[in-house]
Amino acid sequence: CKALVAVTELSLPYLMRGAKIIQLGSLSAFQPVPGIAAYAASKAFVLSYARALNRELRPRGIFVTAVCPGWVHTEFFDRAMQTDDETICYFNRIYQPEDVVDTALRDVRRGKDVSIHGLPIRAQVLAVKLLPHSLVMRVWMRQQGME
């Protein structure tokens, strides 16, 4: 979180009207996630920071978008699957990076403050906004075989 803020603040003096800032969040930003609590909390920070910064920078004509994908098939994902840590074992959908990037760039061009790829992920974000967090966490725990 500190690095994200520091790099962003260092960059701001050099950005001109029309500039776009993309911050990488996660689906985890929208809900508490047992087992990866610090990760989810840091992504909640990214989401909140990007949204607020987008509003703050509006008078300068600078736009900020938080890209909040679900599971994305990347080298990071491949490496995480090779570890002995079985914290995460259920993946409902895994998207290709190119598809997530296409959606993100489209949303950035449209001036959206949040980019979420895929209808199922957007539906999940809506659901976690409406449901009690205790229920959301219970479902997550069951999916991961933790409960």
Side-chain angles (χ1 to χ4, degrees), residues 1-9 11-12 15 18-58 61-147:
C1 297
K2 287 181 181 180
L4 176 75
V5 172
V7 169
T8 302
E9 288 184 357
S11 302
L12 287 175
L15 299 179
K20 315 283 191 209
I21 299 172
I22 298 172
Q23 307 282 10
L24 186 56
S26 168
L27 170 61
S28 298
F30 298 95
Q31 63 193 60
V33 187
I36 55 170
Y39 172 82
S42 70
K43 294 306 183 174
F45 173 84
V46 172
L47 176 62
S48 183
Y49 179 67
R51 283 179 156 164
L53 197 59
N54 186 52
R55 180 61 71 139
E56 287 177 19
L57 295 175
R58 187 179 291 173
I62 297 171
F63 302 93
V64 183
T65 301
V67 177
C68 297
W71 301 108
V72 181
H73 189 254
T74 63
E75 290 178 17
F76 175 84
F77 185 85
D78 291 342
R79 176 71 180 120
M81 295 305 297
Q82 294 173 7
T83 67
D84 291 334
D85 183 4
E86 295 182 8
T87 303
I88 310 299
C89 61
Y90 171 80
F91 308 95
N92 56 343
R93 298 215 187 299
I94 302 175
Y95 293 102
Q96 293 304 309
E98 300 82 9
D99 298 331
V100 173
V101 169
D102 286 346
T103 298
L105 292 177
R106 184 189 71 231
D107 290 343
V108 166
R109 284 191 297 274
R110 292 179 177 170
K112 287 188 168 187
D113 63 344
V114 179
S115 176
I116 302 169
H117 177 73
L119 183 59
I121 302 303
R122 287 194 299 275
Q124 186 174 343
V125 167
L126 177 61
V128 300
K129 287 180 181 180
L130 300 174
L131 297 171
H133 282 157
S134 59
L135 175 62
V136 171
M137 288 188 287
R138 192 170 340 125
V139 168
W140 168 260
M141 297 288 284
R142 284 191 185 143
Q143 287 174 334
Q144 300 306 326
M146 297 177 182
E147 196 172 84

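Hydrogens, waters and symmetry mates are skipped; everything else that's a heavy atom, side chains included, is used. This structure is a prediction, so every number in the text was calculated from the model and none was measured.
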Measure across [X] and [Y] and return the closest heavy-atom pair with its distance rounded to 0.1 Å.
X	Y	value
Gly70	Leu27	CA-CB, 3.9 Å
Lys43	Ala29	O-CB, 3.2 Å
Ala40	Gln31	CB-O, 4.0 Å
Leu47	Val114	CD1-CG2, 3.6 Å
Phe30	Ile116	CZ-CD1, 3.9 Å
Val100	Pro69	CG1-CB, 3.8 Å

Working to the nearest 0.5 angstrom, can you tell me the gap between [X] [atom1] and [Y] [atom2]?
X	Y	atom1	atom2	result
Gln124	Leu126	CD	CG	11.0 Å
Arg109	Lys20	CZ	NZ	10.0 Å
His117	Asp102	NE2	CG	8.5 Å
Leu12	Leu53	CG	CG	6.0 Å
Leu105	Ile22	CG	CD1	5.5 Å
Phe63	Leu57	CZ	CG	10.0 Å

task = Report the C-alpha separation of Tyr49 and Val5 in whole Å, then their side-chain angles, then the decisive distance to 0.1 Å, and conclude whether the side chain to side chain contact (heavy atoms under 4.5 Å, CB included) test is met.
result = CA-CA 8 Å; Tyr49 179 67; Val5 172; 3.9 Å; yes
ask   = Does Val7 offer a backbone N or O that forms a donor-acceptor pair with the side chain of Ser11 under 3.5 Å?
value =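 The answer is yes, because a donor-acceptor pair under 3.5 Å joins these two groups.
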